[in-house]
Amino acid sequence: MFTRRKFIVCLAALGVLFAAAGASAEVDPVFVRITGSSVNIRDEGSRSGRVIGRFSGGETAVVLREEQGADTFPWSLVISRVPLPDGPVVEGWVYGQYVEPLPQGEWFGNTCGAQSLAFDAFFLATTETFGRTAEEAVRKLGKPLSRNDREVPGRHDPSYKVTFTELSYPGLELSYFSTKDNRSLIGARVTQGDYVLGKAVRLDASPRQVFLELGPPRFQNGTVFGWTDEAEYASLEVTFSGGKVLLVDFSVEPD
């Protein structure tokens with residue numbers, strides 16, 4: 001079972017959202033909850049903006065940008081699903097009075113519905129890129145800098161052998177497991193290069209690109225955002241810096 005990692009609680013982002021922003025300001029992504037009820041989502045940051053959707057209240061979302069106008073609170077550009085978790089990904093403006101930053105370092109909700117399908121599609125696309133086995137990866141990417149194979153007894157049956165393989169490429173670490181009955185990619189960590197996980201998760205991608213593909217996350221700790229599959233065996237953590245992806249870490253806990 002996937003174990004949720006414990007992070008040091010970072011409260012810095014809580015003040016970012018409501019900092020004085022001037023007329024318009026990009027902000028580091030902030031994981032928030034929509035408060036109130038029947039909260040309008042508009043196509044621009046003003047009361048005259050066209051209503052393109054509506055939050056019922058309590059949904060999680062990500063703030064990408066703020067605009068301060070004549071109103072008391074700034075307007076926040078958010079991405080979420082409407083309705084959550086089964087609706088499509090929606091991007092629009094919400095009045096800041098109804099946007100509340102969530103505590104850092106805690107997991108919220110679960111992955112189901114359209115959110116689950118989005119993560120499954122991400123996993124499938126990543127596997128198509130890097131292969132289900134180390135041999136497939138070598139055919140796709142060429143000879144690695146290093147390869148490490150180790151065989152261990154099965155968790156439930158010691159006589160059942162499991163082979164773990166780690167491949168190292170410049171800026172990319174891949175992990176696989178195989179048994180006589182099954183094999184899978186179980187890890188991909190990207191620190192440099194133009195490798196793509198899913199359809200759009202890559203270094204230097206914008207937060208918007210990542211959230212449009214995966215929907216709202218379940219976790220934020222400072223600049224790190226996290227998603228899981230429905231069973232919580234697979235997890236993805238993306239680190240942002242300066243308005244772009246800095247680090248991507250995908251992992252699966254074999255059962």
Report yes or no: does [X] contribute a side-chain atom to a donor-acceptor pair with the main-chain N or O of [Y] at less than 3.5 Å?
X: Arg33; Y: Gly58; value: yes
X: Gln68; Y: Asp71; value: yes
X: Glu213; Y: Val210; value: no
X: Gln115; Y: Thr228; value: no
X: Arg42; Y: Ile52; value: no
X: Glu59; Y: Gly57; value: yes
X: Gln220; Y: Gly222; value: yes
X: Asp43; Y: Arg50; value: yes
X: Thr163; Y: Glu151; value: no
X: Lys199; Y: Thr126; value: no

Nearest heavy-atom neighbours spanning [X] and [Y]:
X: Gln192; Y: Gly171; answer: CG-CA, 3.1 Å
X: Ile41; Y: Gly92; answer: CG2-CA, 3.6 Å
X: Pro217; Y: Val62; answer: CD-CG2, 3.2 Å
X: Pro207; Y: Leu64; answer: CB-CD2, 4.1 Å
X: Arg132; Y: Tyr176; answer: O-CD2, 3.4 Å
X: Leu185; Y: Gly187; answer: CD1-O, 3.3 Å

Problem - Steps toward salt bridge (charged side-chain N to carboxylate O under 4.0 Å, His left out) verdict (Asp86, Arg81) - result: CA-CA 7 Å; Asp86 290 313; Arg81 289 188 183 275; over 6 Å; no
Practice task
Could you walk me through whether Asn110 and Glu230 pass the side chain to side chain contact (heavy atoms under 4.5 Å, CB included) test, one step at a time?
Solution key: CA-CA 7 Å; Asn110 51 42; Glu230 186 168 0; over 6 Å; no
[X] and [Y]: side chain donor to acceptor below 3.5 Å:
X: Thr179; Y: Tyr160; value: yes
X: Ser76; Y: Arg65; value: no
X: Ser235; Y: Ser251; value: yes
X: Ser241; Y: Thr223; value: no
X: Glu166; Y: Ser175; value: no

Any heavy-atom pair between the side chains of [Y] and [X] that's under 4.5 Å?
X: Leu214; Y: Val201; answer: yes
X: Ser168; Y: Pro144; answer: no
X: Leu77; Y: Glu91; answer: yes
X: Val152; Y: Lys161; answer: no
X: Leu172; Y: Phe130; answer: yes

Exercise for the section: Using the six-membered ring of Phe164, assess whether NZ or CZ of Arg150 lies under 6.0 Å from its centre and within 45 degrees of the ring axis. Expected result: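 Judged by the rule (NZ or CZ under 6.0 Å from the ring centre, within 45° of its axis), Arg150 counts as positioned above Phe164.
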Rounded to the nearest 0.5 Å, how far apart are [atom1] of [X] and [atom2] of [Y]?
X: Glu135; Y: Lys140; atom1: CD; atom2: NZ; answer: 13.0 Å
X: Asn221; Y: Gln104; atom1: CG; atom2: CD; answer: 6.0 Å
X: Glu253; Y: Asp229; atom1: CD; atom2: CG; answer: 11.5 Å
X: Thr60; Y: Ile79; atom1: OG1; atom2: CD1; answer: 12.5 Å
X: Glu173; Y: Thr191; atom1: CD; atom2: OG1; answer: 7.0 Å
X: Phe108; Y: Leu102; atom1: CZ; atom2: CG; answer: 4.5 Å

Hey, would you say the [X] and [Y] ring centroids sit under 6.0 Å apart?
X: Phe31; Y: Phe225; value: no
X: Trp107; Y: Phe219; value: yes
X: Trp227; Y: Phe123; value: no
X: Tyr195; Y: Tyr169; value: no
X: Phe55; Y: Tyr98; value: no

Between [X] and [Y], is there a shared hydrophobic cluster once you connect ILVMFWY residues whose side-chain heavy atoms come closer than 4.5 Å?
X: Leu174; Y: Leu203; answer: yes
X: Leu84; Y: Trp93; answer: no
X: Leu124; Y: Val89; answer: no
X: Leu246; Y: Phe250; answer: no
X: Val248; Y: Leu141; answer: yes

Practice task
Check the pair Val238 / Phe240 against side chain to side chain contact (heavy atoms under 4.5 Å, CB included), numbers first and verdict last.
Solution key: CA-CA 7 Å; Val238 178; Phe240 297 100; 3.7 Å; yes
Exercise for the section: Before giving the answer on side chain to side chain contact (heavy atoms under 4.5 Å, CB included), spell out for Glu100 and Thr35 the whole-Å C-alpha distance, their side-chain angles and the decisive distance to 0.1 Å. Expected result: CA-CA 7 Å; Glu100 178 182 75; Thr35 62; 3.8 Å; yes
Exercise for the section: Kindly determine whether Asp149 and Arg147 satisfy salt bridge (charged side-chain N to carboxylate O under 4.0 Å, His left out), including the steps that lead there. Expected result: CA-CA 7 Å; Asp149 296 282; Arg147 172 172 179 155; 2.9 Å; yes
Handout entry: Within 6.0 Å of NZ in Lys244, more than 12 heavy atoms from elsewhere
Key =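 At most 12 heavy atoms, drawn from other residues, nucleotides or ligands, come within 6.0 Å of this atom.
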Exercise for the section: Test Val94 against Val39 for side chain to side chain contact (heavy atoms under 4.5 Å, CB included), laying out the working first. Expected result: CA-CA 7 Å; Val94 173; Val39 178; 3.6 Å; yes
Problem - Test log, rule side-chain hydrogen bond (donor to acceptor under 3.5 Å, both in side chains), inputs Asn40 and Tyr95 - result: CA-CA 8 Å; Asn40 289 329; Tyr95 189 48; over 6 Å; no
